[in-house]
Amino acid sequence: MAKPKKYIFVTGGVLSSIGKGISAASIGMLMEQRGIKVTMLKMDPYLNVDPGTMSPYQHGEVFVLDDGTETDLDLGHYSRFVQNAQFTRKNSFTTGRIYDTVIRRERAGGYLGKTVQVIPHITDEIKSQLRAAAEDADLAIVEVGGTVGDIESLPFLEAIRQMQHDEGRANCLFVHLTLVPYIATANELKTKPTQHSVKELREIGIQPDVLLCRSDRKLPEDVKRKIALFCNVPAEQVFTAIDCHSIYEVPLFFHDEGLDEKISERLGIWAARPDLSAWRKMVRTILEPQGEVTIGIVGKYTDWKDTYKSLNESLIHGGVANNVRVKTEYIDAEEVERGQRDKLAEVDAILVPGGFGERGIEGKIRAVEYARTEKIPYFGICLGMQLAVIEFARNVCGMKQAHSAEFNSGGAENVVDLMESQKGVTDLGGTMRLGAYACQITPKQGGKPTRAYAAYGKEQISERHRHRFEVSNSFRSRLVEKGLVVSGKHVNPQSGIDLVEMVELEDHPWFLGCQFHPEFLSQPMKPHPLFAAFIKAAKEQAKDGQPGLKGIR
Ligand code: GLN
């Protein structure tokens with residue numbers, strides 16, 4: 001008989017943003033390290049079919065998978081914590097997609113005259129998508145977006161309630177993350193919000209098995225016992241989810257509290273104790289590095305770190321590769337546009353990340369110019385590469401009107417232009433150049449390895465994309481003549497496609513732009529080669545040679 005599939009359902013209570021994604025990812029990491037074949041998935045309760053059309057202001061970063069699916073940023077956490085799972089479209093779905101599927105089926109006559117209802121048709125569709133995602137794994141960790149008590153997530157909760165009967169209670173584990181705040185004036189940890197949140201969950205028929213209690217301190221035994229009593233959970237299944245300096249400490253803390261051991265026992269999974277030594281070493285490098293570099297990130301979503309979640313993590317990984325702490329300084333592109341240069345002058349390297357829309361564009365172009373002419377390491381990602389090409393065209397090739405069709409449609413010198421495949425596209429959902437594409441690296445330039453080759457150490461790579469515009473081939477030879485090095489290309493001899501994927505400059509400490517998003521592939525245990533190389537260049541740039549440690553954040 002086939003081994004029964006196991007499911008862990010992770011719900012959140014009390015508040016949003018208390019770390020449900022990181023907690024789920026940490027469980028995934030620990031179970032994978034125990035030798036279990038793990039997959040993870042996220043169900044989001046909003047009506048957008050995917051987050052691709054949502055502003056990152058609203059929802060944080062849009063994370064992109066190899067197959068081109070635009071997903072919630074939690075898929076990014078999963079990808080960084082769980083090292084061997086391949087995530088696809090199946091691993092992330094929204095209420096919008098569920099309804100879209102059900103309604104299309106209804107229009108096609110798929111329900112044979114029945115009244116189509118939330119229960120059972122929507123819940124059946126949720127369960128069937130859950131099972132499809134879990135297909136190739138032994139254990140599926142399912143994160144339910146939103147907070148228990150929200151109207152929107154009720155169908156998801158109802159579906160997972162039913163799953164325990166369909167799959168067998170012994171094969172399902174309900175993990176609930178809550179908040180246990182410390183109230184200074186009372187000198188007390190307060191359990192009431194947890195009690196209420198579990199009560200709410202039990203009212204809809206879900207009895208949590210494990211409680212993860214987010215707190216700024218370790219829960220004492222008596223507090224755990226109190227929570228256990230009021231929430232109908234054994235005290236040894238109440239765990240602290242403590243605030244950590246680095247998110248990568250979270251699984252280590254859970255492990256030390258015995259969480260993965262308890263999960264394995266409850267699910268009847270025979271598994272070895274995990275060897276976490278390499279992970280611990282990585283965390284130590286993050287917490288106790290040998291130096292520090294400061295990276296200036298020039299952007300417009302300057303006030304929300306979630307917008308650049310994967311980017312921030314990738315920079316940390318680049319720091320791990322070089323044994324330095326990476327401090328990020330957000331520089332408002334509009335300030336640079338108004339002529340302020342002081343912040344640019346203070347950083348060891350400059351990065352212009354991906355982005356959409358016109359605001360701040362000229363400031364970003366000036367930041368590129370500053371990096372190019374002042375010989376400060378520069379990394380341009382997607383939009384950041386396009387702007388590097390525009391800057392080069394304007395200031396080196398003398399093309400004064402050089403621009404991108406995104407901001408100057410119909411311009412005479414649009415060195416960045418709409419891709420052929422994008423012309424005439426009016427549907428904005430999922431229509432960009434999305435997902436993994438092969439890239440061929442130019443190994444040498446002027447007798448020396450290109451920066452790209454030096455970083456990757458190979459000629460064939462694959463990277464993920466999310467953009468509508470490209471370097472225009474009509475201007476490519478003019479740019480190359482003046483010294484722009486095309487160090488990566490996507491070519492397809494059959495279709496004649498030949499696209500610029502990476503550019504760089506000679507006679508510069510480190511100047512590289514890439515049309516793809518390397519931040520979607522970086523892992524703390526395997527820092528992405530471009531981030532490792534960029535941070536290395538920043539480290540060499542760090543003016544005082546031996547930057548002091550400024551304490552753990
Ligand atoms: N806005 C640019 C484009 O669509 C860049 C996109 C990005 O940086 N992800 O091509």
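Whatever order the structure lists them in is the order used to number ligands and atoms, beginning at 1.
- In this structure, H317 has its ring center at least 6.0 angstrom away from the ring center of F531.
- Heavy-atom contacts of G354 reach the following atoms of ligand 1: 8 (O) (cutoff under 4.0 Å).
- Taking the centre and axis of the six-membered ring of Y437, the NZ or CZ atom of R433 falls inside the cone set by 45° and 6.0 Å.
- No close placement of the Y378 and Y370 rings is indicated, their centers lying 6.0 Å or farther apart.
- Taking the six-membered ring where the residue is Trp, the centroids of H528 and Y456 are separated by under 6.0 Å.
- In this comparison of R433, H467, H517, E406, the heavy atom closest to atom 2 (C) of ligand 1 sits on E406.
- Ranking protein heavy atoms by distance to atom 4 (O) of ligand 1, first place goes to R468 N, 2.9 Å.
- Ring centroids of W510 and F534 are separated by less than 6.0 Å, placing the two rings close together.
- Residue-to-ligand polar distances place L383 within reach of ligand 1: an N/O pair is separated by less than 3.5 Å.
- Of the protein's heavy atoms, F469 N, 2.8 Å lies nearest to atom 10 (O) of ligand 1.
- When non-hydrogen atoms are compared, ligand 1 lies under 4.0 Å from the side chain of Q386 (C-beta onward) but not from its backbone.
- Between atom 5 (C) of ligand 1 and the options A405, G355, S404, the minimum heavy-atom separation is to G355.
- Taking atom 7 (C) of ligand 1 as the reference point, the nearest protein heavy-atom neighbour is C382 SG, 3.0 Å.
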From CA spacing to verdict: salt bridge (charged side-chain N to carboxylate O under 4.0 Å, His left out), K300, D332: CA-CA 6 Å; K300 63 172 181 174; D332 184 353; over 6 Å; no
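- The minimum heavy-atom distance linking K444 with T450 is given by the pair C-CG2, 3.9 Å.
- Of all protein heavy atoms, the one closest to atom 9 (N) of ligand 1 is R466 O, 2.8 Å.
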